[in-house]
Amino acid sequence: QKEVEQNSGPLSVPEGAIASLNCTYSDRGSQSFFWYRQYSGKSPELIMSIYSNGDKEDGRFTAQLNKASQYVSLLIRDSQPSDSATYLCAVPTGGGNKLTFGTGTQLKVEL
Amino acid sequence: SAVISQKPSRDICQRGTSLTIQCQVDSQVTMMFWYRQQPGQSLTLIATANQGSEATYESGFVIDKFPISRPNLTFSTLTVSNMSPEDSSIYLCSVLAGTDTQYFGPGTRLTVL
């Protein structure tokens with residue numbers, strides 16, 4: 001089992017819809033979780049971090065964490081074409097600050 | 001968040017040569033990391049650059065191939081040695097801000113012919 005798993009997509013949603021991106025992880029001891037956005041040809045940009053079970057909202061983005069089920073998700077409300085990118089889930093592993101990344105989910109927001 | 005720069009932004013190199021990539025951050029940071037992102041793939045950690053001591057390499061990466069320097073708390077270099085076409089990737093440095101949040105530099109796109 002991979003340490004961090006994501007569906008590679010592409011996930012296509014119409015403009016204005018809610019995009020739901022999911023990530024599962026294997027290390028039950030993980031305490032922090034990160035979502036990065038990566039536009040084609042660019043470096044990853046941190047958009048959300050979450051540490052506690054439940055929801056964390058930041059503008060149009062909501063991160064959801066369920067430690068018992070070992071999954072973390074990212075919801076993007078009112079999706080815009082500018083949200084089209086690859087979304088990477090990252091989890092610290094090995095007990096330190098090293099991040100393990102999922103393979104990323106490509107999101108396409110269509111007009 | 002920290003402002004991170006990398007040089008060069010891209011390069012095309014001949015096989016058998018070496019390239020040194022620089023990473024500069026605008027504030028002192030405790031930890032710096034080097035990642036590789038191969039075409040169409042996610043990020044893989046190469047090593048943690050430790051200030052004042054040898055870098056800590058991940059499984060599959062060795063110092064002879066990827067020597068790293070970290071002379072101070074704002075600067076690090078990664079050298080890709082004796083390059084082959086399989087080394088064609090984007091190389092990214094990141095810094096640790098706070099206790100667990102990493103921010104990435106703009107990356108160096110390397111093509112080896």
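Proteins come first, then strands; the chains are lettered A, B, ... in the order of their sequence lines, and each starts at number 1.
- To the nearest 0.5 Å, atoms CZ (A:Phe34) and CG (B:Asp100) are separated by 4.0 Å.
- Annotation: A:Asp83, atom CG; neighbour count of heavy atoms from other residues, nucleotides and ligands within 6.0 Å is above 12.
- In this structure, the portion of B:Phe33 lying under 4.5 Å from any heavy atom of chain A is its side chain and not its backbone.
- A:Leu88 and A:Val72 end up in different hydrophobic clusters when Ile, Leu, Val, Met, Phe, Trp and Tyr side chains are linked at under 4.5 Å.
- Annotation: the span from A:Phe101 atom CZ to B:Gln41 atom CD amounts to 14.5 Å, rounded to 0.5 Å.
- Heavy atoms closer than 4.5 Å to chain B are found in both the backbone and the side chain of A:Leu99.
- With a 4.5 angstrom heavy-atom cutoff, B:Thr101 touches chain A via backbone and side-chain atoms both.
- The CD atom of B:Gln37 sits 9.5 Å away from the OG atom of A:Ser43 when rounded to the nearest 0.5 Å.
- In this structure, the portion of A:Tyr51 lying under 4.5 Å from any heavy atom of chain B is its side chain and not its backbone.
- Both B:Phe61 and B:Leu78 are members of a single hydrophobic cluster when ILVMFWY side chains are connected at heavy-atom separations under 4.5 Å.
- In the hydrophobic clustering of ILVMFWY residues, with side-chain heavy atoms under 4.5 Å counting as a link, B:Phe75 and B:Leu96 come out apart.
- Other residues, nucleotides and ligands place more than 12 heavy atoms under 6.0 Å from the CD atom of A:Glu15.
- For the atom pair OH of A:Tyr36 and OG of B:Ser42, the computed distance is 11.5 Å after rounding to the nearest 0.5 Å.
- When all heavy atoms of B:Glu58 and A:Lys98 are compared, the pair lying nearest together is OE2-CD, 3.1 Å.
- Of the two parts of A:Gln38, only the side chain, counted from C-beta on, holds a non-hydrogen atom closer than 4.5 Å to a non-hydrogen atom of chain B.
- Residue A:Lys108 qualifies as open at atom NZ: its count of foreign heavy atoms under 6.0 Å is 12 or below.
- Rounding to the nearest 0.5 Å gives a distance of 10.0 Å between OG of B:Ser94 and CG of A:Asn97.
- Expressed to the nearest 0.5 Å, how far OH of B:Tyr103 lies from CD of A:Glu45 amounts to 10.5 Å.
- Under a hydrophobic-cluster definition in which Ile, Leu, Val, Met, Phe, Trp and Tyr are linked whenever side-chain heavy atoms come within less than 4.5 Å, directly or via other members, B:Met32 and B:Ile63 are assigned to different clusters.
- Hydrophobic clustering (ILVMFWY, side-chain heavy atoms < 4.5 Å, transitive): B:Tyr57 and B:Met31 are in distinct clusters.
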